[in-house]
Amino acid sequence: PEGFKYMPSKDVEALTSAPGPGVKTAFPVDHENYFLEYAERNDKGNEAEVHDHWTHYIHVLSGEATLVYGGTVTNPRTTAPGQVRGPGISGGTSMTVKTGDFMQIPAGMPHLFNVAAGGKFRYLVFNGRE
């Protein structure tokens with residue numbers, strides 16, 4: 001078991017505030033059956049992903065993105081055991097998600113966040129093993 005942990009807001013912000021394009025993630029809690037992830041996405045480097053054994057519980061901290069979920073990952077490639085990524089999703093459902101929203105993405109469901117040009121999208125994910 002872990003002991004008490006505290007991170008002031010400036011340290012939490014610093015977890016994903018590295019300069020440059022692309023996805024930025026940090027894992028302040030990481031256990032065998034669950035982990036916590038802070039993520040920031042912008043308009044570059046986003047890919048569709050599917051996790052065979054992890055359900056995402058996501059709370060949007062700031063910004064706005066188009067979430068595409070369901071369907072099939074296009075040009076899929078295995079990037080880790082039980083994980084597939086690709087450039088897009090065919091046949092998925094799209095919706096706008098924004099600050100304060102919550103979503104649950106079950107294991108096995110393709111998903112992709114698209115961020116508008118110049119935008120920044122930050123969220124917190126609790127990942128639970130199925």
Side-chain angles (χ1 to χ4, degrees):
E2 288 189 56
F4 177 79
K5 184 182 273 188
Y6 169 76
M7 293 180 75
S9 60
K10 67 177 180 56
D11 292 347
V12 172
E13 178 81 19
L15 290 173
T16 59
S17 64
V23 177
K24 299 161 185 81
T25 58
F27 305 92
V29 176
D30 192 357
H31 293 277
E32 182 179 349
N33 292 317
Y34 64 91
F35 62 97
L36 184 70
E37 173 183 4
Y38 282 95
E40 178 182 295
R41 295 180 185 263
N42 55 41
D43 58 346
K44 301 204 179 0
N46 299 315
E47 290 189 297
E49 52 190 65
V50 178
H51 313 284
D52 290 346
H53 305 290
W54 295 99
T55 292
H56 293 329
Y57 304 91
I58 299 173
H59 178 238
V60 179
L61 299 173
S62 65
E64 182 175 293
T66 300
L67 168 64
V68 182
Y69 64 95
T72 305
V73 174
T74 59
N75 298 317
R77 69 188 190 291
T78 300
T79 56
Q83 179 173 278
V84 170
R85 292 184 185 263
I89 291 178
S90 175
T93 300
S94 295
M95 64 183 293
T96 300
V97 293
K98 61 187 180 323
T99 303
D101 288 351
F102 171 84
M103 66 219 75
Q104 177 178 316
I105 301 174
M109 177 177 279
H111 54 284
L112 167 64
F113 289 110
N114 289 312
V115 181
K120 190 185 287 189
F121 181 66
R122 295 176 53 92
Y123 56 96
L124 174 67
V125 186
F126 176 83
N127 297 283
R129 182 182 292 280
E130 295 297 316

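Only a predicted model underlies this, so the values are computations on that prediction, with no experimental measurement involved.
Counting only distance, with no hydrogens or angles, the side chain of Thr74 and the backbone of Gly88 share a donor-acceptor pair below 3.5 Å. Judged by distance alone, the side chain of Thr78 and the main-chain N or O of Val84 form no donor-acceptor pair under 3.5 Å. In this structure, the side chain of Arg129 engages the main chain of Glu32 through a donor-acceptor pair within 3.5 Å. At least one donor-acceptor pair closer than 3.5 Å links the side chain of His111 to the backbone N or O of Glu49. Of the possible donor and acceptor atoms, one in the side chain of Thr55 sits under 3.5 Å from a partner among the backbone N and O of Ala107. Checked by atom type and distance alone, the side chain of Lys5 pairs as donor or acceptor with a backbone atom of Pro28 at under 3.5 Å. Remark: the backbone N or O of Gly118 is paired with a side-chain donor or acceptor of Asp43 at under 3.5 angstrom.
Using a 30° and 60° split on the angle between ring planes, Phe35 and Trp54 fall in the perpendicular class, above 60°. A tilted orientation is assigned to the rings of Phe121 and Tyr123, their planes being inclined by 30° to 60°. Between His51 and His56, the ring-plane angle classifies as perpendicular under the 30° and 60° cut-offs.
Linking ILVMFWY side-chain heavy atoms closer than 4.5 Å, directly or via other members, places Ile58 and Met109 in a single hydrophobic cluster. Placement of Ile105 and Val60 within a single hydrophobic cluster is found when ILVMFWY residues are connected by side-chain heavy-atom separations under 4.5 Å, directly or transitively. Under a hydrophobic clustering in which Ile, Leu, Val, Met, Phe, Trp and Tyr are joined whenever their side-chain heavy atoms come within less than 4.5 Å, directly or via other members, Phe126 and Val29 fall into the same cluster. Tyr38 and Met7 fall within the same hydrophobic cluster, where Ile, Leu, Val, Met, Phe, Trp and Tyr residues are linked whenever their side-chain heavy atoms come under 4.5 Å apart, directly or through other members. Cluster annotation: Tyr34 is not connected to Phe27 through the hydrophobic network of ILVMFWY side chains, with a link wherever side-chain heavy atoms come within less than 4.5 Å.
Within a 6.0 Å sphere centred on NZ of Lys24, other residues, nucleotides and ligands contribute more than 12 heavy atoms.
Between Leu36 atom CG and His31 atom NE2 the span is 9.5 Å, to the nearest 0.5 Å. Here the straight-line distance linking atom CG of Leu15 with atom CD of Glu37 works out to 11.0 Å at 0.5 Å rounding. Summarising the geometry, atom CD belonging to Glu40 is positioned 7.5 Å from atom OG belonging to Ser62; distances are rounded to the nearest 0.5 Å. Within the model, atoms CG of Leu67 and CE of Met103 stand 6.0 Å from one another, a figure rounded to the nearest 0.5 Å.
The nearest pair of heavy atoms linking Val73 to Arg85 is CG1-C, 3.8 Å. When all heavy atoms of Thr99 and Leu61 are compared, the pair lying nearest together is CG2-O, 3.4 Å. Listed here is the closest heavy atom pair of Val23 and Gly45: CG2-O, 3.8 Å. Residue Asn46 comes nearest to Leu112 through the heavy atom pair C-CD1, 4.0 Å, listed as atom of the first residue, atom of the second, then distance. For Ile89 against Ala48, the heavy-atom pair with the smallest separation is CG1-CB, 3.6 Å. Contact detail for Val115 and Glu64: the closest heavy-atom pair is CG1-O, 4.1 Å.
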